[in-house]
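First the structure, in the form of structure tokens, and then the observations on it.
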Amino acid sequence: MMWLVGSVVDAAIGCLVQSILGSFFTEQMEAWTHEIGLAEDIEKLEFEMKAVERVLAAAEGRSIDNKLLAQSLGSLRDLLYDAEDVMDELDYHRLKHWIEKGEGSSAAADNNPGTNYAASSISSSAYQLICSARQKITSWISSGRKRKREEEEPTDSTMLPHDIKRDISKRINRIVNNLQKTGNSVSGVLQLEIPCRGLTSNQRHRMARNTRLTTSVPIEPKVYGRDADKDRIIEMLINEGSSDLLVIPIVGIGGIGKTTLARFVYRDQRIIDHFDLQIWICVSTNFNEVRLMLEILEHVCKDRQEYRDVSNFNVLQEILLKNIRDKRFLIILDDMWEDRDSSGWDKLLAPLKCNQVTGCAVLATTRRNSVAQMIGTVNAFQISGLDKKEFWLFFKACAFGNEAYEGQPSLQSIGQKIAKILKGCPLAARSVGALLNRDCCFSYCSLFPEDHWFNEETLVQAWISQNFVQYEDTGAGLEETGLQYLANLVDFGFFQKIGSHYAMHDLMHELAEQVSSNECAKINGMQLNVIPPNIRHLSIITTSHENDAPEDFLIEKFEEILQKIRPFQKLRSLMFFGQKFVSNAGINSLQNSLNPYHLRYLEFIGAYGDVVLPQALTSFYHLQVLNVGIHGSHDVPTSMNNLVNLRHLIAHDKVHRAIAGVGNMSSLQELNFKVQNVGGFEIRQLQSMNKLVTLEISHLENLSLSWNGGSVSLEPDRSKDVLEGLRPHHNLKTLSITGYSDPNSPTWLSSNLSVTSLQTIHLENCREWKILRSKILPLLRKLKLVKMFNLVELSIPSLEELVLIEMPKLEKCIDCPQLNEFTPFGAEQWFPSLRELTIGCCPHISKWEILPLREMHALKSLELIDLHAVRQLEVPSLQKLVLINMLILECCSGLTASTVQMSTSQGDKECLSGLRELTIHDCPCLVLSYPLPPSALTSHFSIKGIPTYPTMEKEYGQLSITSDELIMLDDKILAFHNLRGIESLFIKDCPNLVSISSEGLNQLIDLEGLYVTGCPNFTMTSGLVLPSVRFLSLQSCAISGSWLTEMLSHVRSLKTLKLHDCPQIKFLSFSEPAAMEGASSLGSAATHSDRDEQLLKIPSNIIHSLRDLFISNCPDLEFGGEEGALRGYTSLESIKVQSCPKLIPLLVSGKMEVGSLPPSIECLNIDMGPELSTVWDLKLQELEQGGNQVPPPPLSLRTFLITNLTDKIQSRLLSFLPTITTLVISGSPELTSLQLGYSKALKYLEIVDCESLASVEGFGSLTNLWSLTVYDLPSFPRCFEILSQQQGASEILSRLENLQIGDGSILTVSLCKQLTSLRSICFCPARSKRGATMTGLTEEQERALQLLTSLEYLKFLHLPNLLSLPANLASLTSLNWLRIGALQGCQRWAFHLH
């Protein structure tokens, strides 16, 4: 291609640069080169490649006729090919390493970009964040980076032998140096201004594909053959002296040069001198008068503020009129299409017509005469193709880079023939010129024999294998894009479509051979033509010689041909065309001699006899297409699944089915798979093959198809073709179809039944399916139909399981009259084997009032939903019964008393004695006669919406009860004797509940947890004995102190006692191990009887078991025991006293030197309200006046939680607690300063909702601190900045490992530089501020975040307005986990980023 001088050459090289950058400089390669120690070399090569890309971008469109420069560009191309080769080789060794480790499928190149779809249930902001997260996370996960190993382990020399590594390094550095020299030479000759930054993805896309957005800036170095047209139009524009607005349409076919002519006129000096204003607008297919008006205003208004915020069109018109009223203007409206509605055109022109200056004009270009007739005030200016002489000059400039080109007569001859075909169309000339020089797809076709008939799929597959086809912004896949390439080549005459095939004219084939001579070559029969050693694509054509010589002679000649191939070490394509040349020996010899590094496409069709695919083939890891023909038998070598990049295997079905471990070949797009019960052929092989487009499975027993993945859907006809074409094997046993859109079932499931072994059918959301004939399936046992909204007819065989849900139109059940007209007789004949029956929301088949199922002895599970006609239900002995929204159901055997019509035997009550699961919801007429649950075997039951019964839920050993009406819970409602195994009982939100049967509760012998909440009238009666209770919680109830005292006296081992808002308990005391005689009076005015009723005396039997004591919101509860009463509770570990001011003596004794806390205390949670603060302060004063010191708390105290802390008390209180390791200060609005200097043992510090806090002292003393949590402190960012400057603070911050903050306000560069050990950071507002407005981090905060190089965990929780994640998270190489939780519209994501 050295004859190609001109701008076309840099375009070709630009495509090559983009291909290499996109294919090899990936995160997978980055991780690999780091591991083997070549990262620096690769970074240098990538840098120089991008420098070349910038040179080519700057040179785009420049005319080049300098031979020396052309040679430099040729050298540049050769260097890029060398770079492609060395990166290819390096990638080969990467693949080899992972394949040998058994991880080849994850190492294969990912040619398919991810696509995200928004579910309707997710808010836009959450969805944007999820998309952002998913892109980042997928990038991290797919790269397979092992960061820690890179940082902590030496390079593993076994990954890449040292001699290969040295050779690759030398070659890369040589290429880098030469790229730099050659690139500098090119930019120097062209005097280019090279941007310092690399190209964006949009710029790269524009290099490859020009858009239709036009401007007035000329892109043609010269305009051919339009001088006369230009002069005529200029004369019309200048000499028109009318006061009316002149509109001249330029009309012509696409590509004829309308825009170029308009631009030619627009830039003429005569036009510039004549008009005060020149305006260029690209209209295109979207004629929007508001958009066009705004674009015109951009030209005429100096200050955009004048119109930027205006949305009213009338105001925009006024602004335009004001700015053009006294100016002569010319407006170019390029590429107009709108010809149906003139109202928009009239609105646009209205202010333009009001101009006070004569000679104003509009010049519009259009392809449509109808547009010209609608807008023109004069006859349209019609333009046609260039004349023959001018067009030949233009064509040479496009194709050869120089209108004066006289080289290579053969090429000129071909060019003249093509130019004649193009009939003077400039765009066609430009497009053909570009295609001749940069469309590798066209030149690649020179490999094929003359008069070859191309199959479009095979041809596109070959192009894709060579990376000629690139993803575009349209969202189309590579195959679709390749087909569009082919369609373009057909449009330009390079191919002819003949039926379903394509052919190339001899002239075009000759042209392809000329332009591809440096990359492509052919060995045609016995020809001994010279082939360059660096050839990249080769074909061997023997078809014309097959009948000329004996078979042995042909094979001998083929061996000679193979000897010619062996020196070609850079082959990327190898094709054989012939029937008798190829033998087993020849193929083996060929494969063993080829270099496996680069080959992408291998085709040998019609090999003589049956051949064995050689073992050497399994090392061609880059191979993407292997075409051995669909005829003939080929033995498959072991390790065929090493071909992890193979996209297409064109071979007999037996070849597909013989590949063991085919799941490793995750790039395959077509597969014929046979399920076998041997290793490597299981159905799970398919689970990672997500690139498959065509899949045929044989010997499959279970098949599940879904069309409703939430994001992907097929057109109805394609869905039908997919399902109809599947034709599963007759051994198929399970079939599941979801979301199918066609109204008819496939023939293999109906008229042409083939799946005769089916045992299970599950059809769901197949909305249009109308008829299902399952009666013809003799082995069918399970039939599940859900949301079959248009199913009207169904045949049902004898089944074991039947599910019919949401089928509003189902009316006819063939061979099953009982389902249409159910009668009480003959029920034993209806599905005698049926074990499970579910019917819901099927109004036309549920019109019976009595449903007698008692004789269906096999039935074990019954679910009835929304059957509004059923009044009476008889059931056999069931294990599961579900009744939901049965609006008029009155009777059900086993649940209601017997009626006259039903049996009165004891068996009626006992028919549910074996019930394991019971659900009854919203059956308002069902009056239950027996308590629930009906059986001790019932492990789950749920009752809701039943008269006189509370809402009850039993599951996993827990029973919860809720009711607005319930007054007394006794054995008429609850079968306590059937609940002996429950471990936890929750009574909540029962405002009218007074009591629970003590006799009933006493039967719950395994009960460990009793929780009563929101029952303000609940008092209970005496006699409750629950010795097994370990956890007791009473909140907002009327329990008396005496009842609780008695109840606790029977408990053997209580661990947790929680009292909240219990107003009937007014006095509290604690028994001691040895009861003290003559206990002091409570000092209350209450009578003796009142005191006894209101007194809670913690009995001595729980002294040694009680671990947690929580008392809150009991403002009248008074401590009346001895000072230091808690000291004897040697197991008590956690105490919480909140909003209980009269319990102060429990915490602060009169004899401070003795101490009030038990020696086992580990956690203390107190409310430092005014009462406790006052008492505490007085005690401290007494001690100071007496010369005494505050005694230290027990050494076991490690956690201290406090609310309502004030400045007056904070330093003295914290000095009393030097050994605590966890400090939580919350809800302290008056706290302005905090002294932490005494808390040197502190490890965890949490400060929440202290809105006035402005100063923290002594932070530098917290030498053990590793976790800091800060929420809702408005002034804390400034406070923290000052804090970080304290003496010793820097060292403390450098050790900090965990940081939890409400937003990013405290993240600064200076702070994050000090957080060198931080492993976890969480952005989460306090519980009271879950509606936080944080949308993301600022640029400064993101820069600060990038400094946290040790960060492993990053969390964003309870941030409903979060719109974006921080950029460049991938640069945080230690980051292992990202968690995004409780966003608006989604739940929680957690990602492991290894």
Please find the pair of heavy atoms, one from [X] and one from [Y], that lie closest to each other, and give the distance.
X      : Y      : value
Leu772 : Leu791 : N-CD1, 3.9 Å
Ser893 : Val875 : OG-N, 2.9 Å
Ser465 : Tyr601 : OG-CB, 3.7 Å
Pro832 : Ser798 : CD-OG, 4.1 Å
Val755 : Leu777 : O-CD2, 3.6 Å
Ile737 : Cys766 : O-SG, 3.7 Å

- Task: Begin with the C-alpha distance, continue with both residues' side-chain angles, and end with the deciding distance and a verdict on side-chain hydrogen bond (donor to acceptor under 3.5 Å, both in side chains) for Glu953 and Ser942.
- Result: CA-CA 4 Å; Glu953 184 90 24; Ser942 178; 2.8 Å; yes
Could you check whether any side-chain N or O of [X] sits under 3.5 Å from a backbone N or O of [Y], counting only pairs where one atom can act as donor and the other as acceptor?
X      : Y      : value
Ser667 : Val644 : yes
Thr938 : Leu915 : yes
Ser757 : Leu732 : no
Glu682 : Gly680 : yes

- Message: salt bridge (Lys or Arg N to Asp or Glu O under 4.0 Å) for Lys787 and Glu764? Distances and angles first, verdict last.
- Response: CA-CA 6 Å; Lys787 295 184 178 180; Glu764 185 165 349; 5.4 Å; no
- Message: Strictly below 4.0 Å, N to O, side chains only: are Lys782 and Glu836 in salt-bridge contact?
- Response: no
- Item | Lys/Arg-Asp/Glu bridge criterion (N-O < 4.0 Å) met for Glu801, Lys860 |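 Salt bridge absent between Glu801 and Lys860.
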- Item | Leu779 vs Thr756, side chain to side chain contact (heavy atoms under 4.5 Å, CB included): CA-CA, chis, key distance, verdict | CA-CA 7 Å; Leu779 301 180; Thr756 54; over 6 Å; no
Supply the atom-to-atom distance [X] [atom1] to [Y] [atom2], rounded to the nearest 0.5 angstrom.
X      : Y      : atom1 : atom2 : value
Arg647 : Glu479 : CZ    : CD    : 4.5 Å
Leu794 : Leu802 : CG    : CG    : 7.5 Å
Trp98  : Asn642 : CH2   : CG    : 15.5 Å
Glu456 : Leu459 : CD    : CG    : 9.0 Å
Leu867 : Leu887 : CG    : CG    : 10.0 Å
Thr618 : Leu623 : OG1   : CG    : 11.0 Å

Quick one, [X] and [Y] - any side-chain contact, counting heavy atoms below 4.5 Å?
X      : Y      : answer
Leu785 : Ile805 : no
Thr458 : Asn627 : yes
Leu804 : Met788 : no
Cys892 : Leu881 : yes
Ile946 : Cys923 : yes
Ile464 : Thr481 : no
Glu874 : Gln872 : yes
Leu686 : Phe673 : yes

Using distance alone, with no hydrogens and no angle criterion, decide if [X] and [Y] have a side-chain donor and acceptor under 3.5 Å apart.
X      : Y      : result
Lys770 : Asn790 : no
Arg767 : Asn765 : yes
Asn885 : Asp922 : no
Gln624 : His648 : no
Ser833 : Glu800 : no

- Task: Tell me, with the steps shown, if His501 and Phe454 meet side chain to side chain contact (heavy atoms under 4.5 Å, CB included).
- Result: CA-CA 6 Å; His501 290 79; Phe454 296 90; over 6 Å; no
- Task: Under the side-chain contact (heavy atoms from CB on, under 4.5 Å) rule, collect the residues that match up with Lys497, sequence neighbours excluded.
- Result: Tyr502
- Task: Begin with the C-alpha distance, continue with both residues' side-chain angles, and end with the deciding distance and a verdict on side chain to side chain contact (heavy atoms under 4.5 Å, CB included) for Ile884 and Ile920.
- Result: CA-CA 6 Å; Ile884 296 178; Ile920 307 177; over 6 Å; no
- Task: For the residue pair Trp769 and Tyr740, categorise the inter-ring angle as parallel (less than 30°), tilted (30 to 60°) or perpendicular (more than 60°).
- Result: perpendicular
- Message: What verdict does the side chain to side chain contact (heavy atoms under 4.5 Å, CB included) test give for Lys784 and Val786, after you've listed the backbone C-alpha separation in whole Å, the side-chain angles of each residue and the deciding distance to 0.1 Å?
- Response: CA-CA 7 Å; Lys784 183 176 183 179; Val786 180; 3.9 Å; yes
- Do you know which of Ile659, Asn672, Val662 makes side-chain contact (heavy atoms from CB on, under 4.5 Å) with Leu649?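 Exactly one option meets the side-chain contact (heavy atoms from CB on, under 4.5 Å) with Leu649, and it is Ile659.
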